[in-house]
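Note sheet for the following structure.
The chains referred to below are lettered A, B, ... by the order of the sequence lines, with proteins before strands, and numbering in each begins at 1.
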Protein chains: 2
Amino acid sequence: MAFEKRRIREKENRKSAILKAARELFFEKGFKSVTVESIARKAELSKGAVYLYFKSKEEIYSQILLNDIDKFHKSVADLFEDGGKASDMLCRLSSTYVDFFLRDRELFRILITFMLHANHSNMPEDLQNHIIKSTNKTIFMEKILQYGIDTGEFPPSINVRQCRNALWGLLNGIISLYIFVGSEAKRDDLIRSTVNASLDIFIKGLKNS
Amino acid sequence: MAFEKRRIREKENRKSAILKAARELFFEKGFKSVTVESIARKAELSKGAVYLYFKSKEEIYSQILLNDIDKFHKSVADLFEDGGKASDMLCRLSSTYVDFFLRDRELFRILITFMLHANHSNMPEDLQNHIIKSTNKTIFMEKILQYGIDTGEFPPSINVRQCRNALWGLLNGIISLYIFVGSEAKRDDLIRSTVNASLDIFIKGLKNS
DNA sequence: TGAACAGTAGTCATTATGTGACCGCTGGTC
DNA sequence: GACCAGCGGTCACATAATGACTACTGTTCA
């Protein structure tokens, strides 16, 4: 039937209306202090209707996160496609990473928590799997480093795996130092400039090792 | 409640989806050969749903017509606002009129039928009233003629009422001569050029009477 | 320490909206 | 004038949406 199509379309629209509303609320207030009722209201629906589209508050949340993680991966992949010098790529990757988490603080908290704790019992299955896959994608960093070696920008003596971990550590460490404290605008700039400066130093070091 | 708003909005959207579908079908095939089922399909709904929004096929039809008539009146009113010479206004009014009916042939048929027959028994009440009001609106034509007299373009000796009827007759007569015969593109041009030529002649006559 | 309470995730009976098989009428055919 | 095809309109049923309600959790305070 012709309206089968329309129905599917409308269902998807409802679903994304809920996700959109939830997204704004979650990233403003965090998971816990957002009520399902408030999501429903923002999406101009009743609470009951929300449960027609998602089976729990957590599911809504994880769908948003999955989506965001994918977006991040896509922009990182693009970055690699764009080419250029390896050191520039590292800078751009870092900026992308920082900006990504400045927009989605909650996600950063989740990912860091995920890395720090083995206990993910109350996190939906598919989100766990997705995050695991996602952390594997630090492989991009390795690729860039290898590319730097291949193009003669970095000496071949560097330990790629080690450098990768150092860089992720540096990024995550700086972000987590500042991300949940102080006033928003100033803090964001602080994070960005600290990351940039550290990265410069690190890259200089790399080139001379 | 917040979703009350959304519901109303969606109801209106459904209604206009039905009207849009119906409009295309009616003006392509005419009232009789369009089935409610086909309207429903085009609007991606079931027939039953159509009857949730309209109480009959006729109601759908007349809502479309009412809407179109209003649009026409609005564009005529605008035309008067725009100002200029009375003879130019007459030309523009005529063009608007012709183009309007070339787009909505069915409507022309209805209005002419309405004027020719007193029996409107199977026409919805509000459509009848609207059409009656609408025919009163030939007053625009009178206004333009009077304006022509006031600005000295037409001699004050002309009989405004008579001229108005002559002009409406001229327009309707020419349109009805051609509108339901021959191939579309050629015929439309034929109508337009015939109307323009006749109008030129009529206006020349007016100025010299 | 545990009784009373506040707040919220999730449920479910009720209502609103949408579907399509069906009915009856009409106009055409033979 | 018997038969039939086709369509407007209806209605029993199906799907979607609502919000009062339940059960649970964490907090307060005697």
Exercise. Who are the side chain to side chain donor-acceptor pair (under 3.5 Å) partners of D99(B), not counting sequence neighbours?
Worked result: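 D99(B) satisfies side chain to side chain donor-acceptor pair (under 3.5 Å) with R192(B) once adjacent residues are dropped.
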Problem set entry | Electrostatic pair R9(A):E44(B) at N-O distance under 4.0 angstrom | yes
Seminar exercise, completed: Contact check, residues 8-20 of chain B vs DNA chain C, heavy-atom distance under 4.0 Å, returns K11(B), R14(B)
Exercise. Any side-chain hydrogen bond (donor to acceptor under 3.5 Å, both in side chains) pairs touching residues 14-26 of chain B, not counting sequence neighbours?
Worked result: E10(A)-R14(B), R23(B)-D68(B), R23(B)-D104(B), E24(B)-K42(B)
Exercise. Contact class for F54(B) vs. all strands (heavy atom < 4.0 Å): base, sugar-phosphate, or nothing?
Worked result: nothing
Exercise. Can you tell which of dT17(C), dA17(D), dG20(C) lies closest to the side chain of Y53(B)?
Worked result: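 When the side chain of Y53(B) is considered, dT17(C) is the closest of dT17(C), dA17(D), dG20(C).
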Please write out the pairs of protein N or O atoms and N or O atoms of nucleotides 5-10 of chain C separated by less than 3.5 Å, giving the distance to one decimal.
| unit_1 | atom_1 | unit_2 | atom_2 | d |
| --- | --- | --- | --- | --- |
| dA9(C) | OP1 | V34(A) | O | 3.4 |
| dA9(C) | OP1 | K57(A) | NZ | 2.9 |
| dA9(C) | OP2 | V36(A) | N | 2.8 |
| dA9(C) | N7 | K47(A) | NZ | 3.3 |
| dG10(C) | OP2 | Y51(A) | OH | 2.8 |
| dG10(C) | OP2 | K57(A) | N | 2.8 |
| dG10(C) | N7 | K47(A) | NZ | 2.9 |
| dG10(C) | O6 | K47(A) | NZ | 2.4 |

For this session: Please report, rounded to the nearest Å, how far the P atom of dA14(D) is from the CG atom of L52(B).
Result: 17 Å
Exercise. In whole angstroms, how far is the C1' atom of dT19(C) from the CD atom of E44(B)?
Worked result: 15 Å
Please report, to 0.1 Å, the donor-acceptor pairs under 3.5 Å made by any side chain of residues 47-54 of chain B, with sequence neighbours excluded.
none

Which pairs of donor and acceptor atoms, one on a side chain in residues 74-81 of chain B, lie under 3.5 Å apart (sequence neighbours left out)?
| unit_1 | atom_1 | unit_2 | atom_2 | d |
| --- | --- | --- | --- | --- |
| S75(B) | OG | K71(B) | O | 3.4 |
| S75(B) | OG | F72(B) | O | 2.9 |

Exercise. Would a distance-only check, ignoring hydrogens and angles, find a side-chain to backbone donor-acceptor pair under 3.5 Å from E59(A) to K55(A)?
Worked result: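 Checked: pair present.
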Exercise. Checking salt bridge (Lys or Arg N to Asp or Glu O under 4.0 Å) for the pair R161(A)/E142(A): CA distance, chi angles, key distance, verdict?
Worked result: CA-CA 7 Å; R161(A) 179 69 51 97; E142(A) 279 186 43; 3.2 Å; yes
Exercise. Are R7(B) and dA16(D) close enough that a side-chain N or O sits under 4.0 Å from OP1 or OP2?
Worked result: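 Indeed not, no polar side-chain atom of R7(B) lies that close.
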For this session: Just say parallel, tilted or perpendicular for the rings of Y61(A) and F31(A), cut-offs at 30° and 60°.
Result: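 Ring orientation, 0 to 90° scale: tilted.
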